[in-house]
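We count ligands from 1, going down the list as the structure has it; atoms in each ligand are counted the same way.
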Amino acid sequence: MNRRNFLVETTLVSAGLALAPKLLISQTPASTAGNKPIVISTWKHGIPANAAAMIILGAGGSALDAVEQGVRVPEADPDVTSVGYGGLPDRDGHVTLDACIMDDNANCGSVCFLEHIMHPISVARKVMETTPHIILAGEGALQFALDNGFKKENLLTESAKQIWIKWKKKNLIPDKRDVHDTIGMLAIDKHGNLSGACTTSGLAFKLPGRVGDSPIIGAGLYVDNEVGAACATGTGELVIKIAGSFLIVELMRNGKSPAEACRIAIERIVKKQKNYKEHQVGFLALNKAGETGAYSLAKGFEYALAANGENKIYPSDSFMK
Ligand code: SD4
């Protein structure tokens, strides 16, 4: 078994997904323009996350509350090995988390290199709402969380630990296309206001101290309530280099559709990054009119879209076919 298959298989089996029934995949979503509320999020774990967000939006709640509550679902799910509790650890066996949130007034909050806290997204929201700062990191972020009533917990599940031990023993170099699956979520509420959230345990087996794109405003997430919102998943280093989510929002400001904007951002990565074939990056976008779009570097990126009374998985178009 090559190292790519090893990682895929061990991750899937540990997540209980290998035997799970296949989710129905529709090819193209119907247009969502004008049909508020809408929630869009990355990967299959976006389905239960969207469902939680839609409960809030359906009751007339804000996009901000919806995205926070939505991404808390995979954060607390031990079977999701790329977000929060159950996330795969860094090289030394520590689960370190990155998250950020942004609202319709350009307020934002972020935490990075945070350990022991199940819901980094809610800590990021607290940073946004109760401090004059935007980003808190590491020990300082942990202390802030504890001071604000968050509980210190062990986030390394037995199965994530076993995957890490196996990885160490075989001395495998993780394939950069397999060790991600951040949840990024964008929502528009019934008033037409946009917000977004992004939360992850980052690249599995990363160097201790490494921070990815997910807590970086403009890279993993960006929201401009006049224009639209975007978020990212995949190799964070590539996303940071092009300020991916900000770039997509600016492209939409200049008239591109969400899908075109995501494609142009991926093409920018291809142009600038010689070894792009070794990576995966996926972008999602949602504009003020309620149109959505997605595009990825490699095949296999999927997203969950909840609108018009449905909540379904769709495959993203990709640069590498
Ligand atoms: C990162 N974008 O840290 C994230 C990776 C990811 O699950 O998708 N994580 O680079």
For the 3.5 Å polar cut-off, considering only N or O atoms, please tell me whether [X] and ligand 1 meet it.
X	value
Thr182	yes
Ser201	no
Arg210	yes
Thr233	yes

So if I count the atoms of ligand 1 from 1 in the order they appear, which ones are less than 4.0 Å from some heavy atom of [X]?
X	answer
Asp213	1 (C), 2 (N), 4 (C), 10 (O)
Ser214	2 (N), 4 (C)
Ser82	7 (O)

Electrostatic pair [X]:[Y] at N-O distance under 4.0 angstrom:
X	Y	answer
Lys288	Glu226	no
Arg125	Asp65	yes
Arg263	Glu260	no
Glu237	Arg210	yes

Could you work out, for atom 5 (C) of ligand 1, the closest of Gly234, Gly212, Cys231 by heavy-atom distance?
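It is Gly234 that holds the nearest heavy atom.
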Aromatic ring pairing Phe205/Trp167, orientation class (parallel under 30°, perpendicular over 60°, tilted between)
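Answer is parallel, since the angle falls under 30°.
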Going by the ring pair (Phe, Tyr, Trp, His ring centres under 6.0 Å) test, name the single residue among Phe283, Tyr314, Trp43, Tyr295 that passes it with Phe301.
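Exactly one candidate clears the test, Trp43.
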Which bit of Ala232 is near ligand 1, meaning a heavy atom under 4.0 Å away: side chain, backbone, both or neither?
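It is neither part, as no heavy atom is under 4.0 Å.
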Which atoms form the tightest heavy-atom contact between Asn287 and Ile188, and what is the distance?
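Where Asn287 meets Ile188 most closely, the heavy atoms are O-CD1, 4.2 Å.
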